[in-house]
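Model, not experiment: these values are computed from the prediction.
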Amino acid sequence: MGKRDIQDELHNNVQPLDNEFVRSNPNAKIAKQKAKKAVLLRRRLAIFLIIAVASIVGLAQFSSMQNERLADKQIKKAEVNAQLEESLEKQEMLNLQIAKLEDDEYIAKLARKEFFLSEEGEIIFTIPKTSDNKDEKTDSDKKDE
């Protein structure tokens with residue numbers, strides 16, 4: 001038999017005393033009260049720890065969700081800023097074009113260019129555009145030679 005078995009056997013053979021002295025002993029009552037208080041304290045601490053851990057986990061999840069939302073918003077903000085810049089450039093170009101179209105000389109020059117209009121005493125010469133086919137034949141003719 002091991003030491004452990006002997007201790008278990010002794011504990012099984014021990015009977016608590018149930019007499020008036022033991023029941024009226026103030027030290028035993030105080031020890032029981034202290035034991036109950038210690039158990040209650042451990043339970044309270046365990047409950048507090050569980051609540052604290054759950055709160056921390058919840059706050060961490062909430063924080064990560066907010067960080068994801070913030071990143072999405074920043075991406076959208078960058079896209080909108082790029083669109084805004086494009087729109088501002090386009091608006092500036094259109095304002096410049098409006099200013100040019102208010103100038104009579106520019107309108108006359110544009111009309112002459114687009115519609116082949118001329119001023120008094122001007123002669124307009126049009127130069128025919130060369131086709132790509134003639135250029136290709138010329139290149140192939142050069143290779144044959």
Any chance CD of Gln66 has more than 12 other-residue heavy atoms, nucleotides or ligands included, within less than 6.0 Å?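 Yes, because the 6.0 Å sphere around CD of Gln66 holds more than 12 heavy atoms from other groups.
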To the nearest 0.5 angstrom, please state how far the [atom1] atom of [X] sits from the [atom2] atom of [Y].
| X | Y | atom1 | atom2 | value |
| --- | --- | --- | --- | --- |
| Asp104 | Lys109 | CG | NZ | 14.5 Å |
| Met93 | Leu88 | CE | CG | 13.0 Å |
| Lys36 | Leu40 | NZ | CG | 9.0 Å |
| Ile107 | Lys100 | CD1 | NZ | 12.5 Å |
| Ile56 | Ile51 | CD1 | CD1 | 12.0 Å |
| Leu84 | Glu79 | CG | CD | 13.5 Å |

Using modelled atom types only, decide if a donor and an acceptor are shared between the side chain of Ser63 and the backbone of Leu59 within a distance under 3.5 Å.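 It does not hold such a pair.
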Heavy-atom closest pair, residues Leu101 and Leu110: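 Where Leu101 meets Leu110 most closely, the heavy atoms are CD2-CD2, 4.4 Å.
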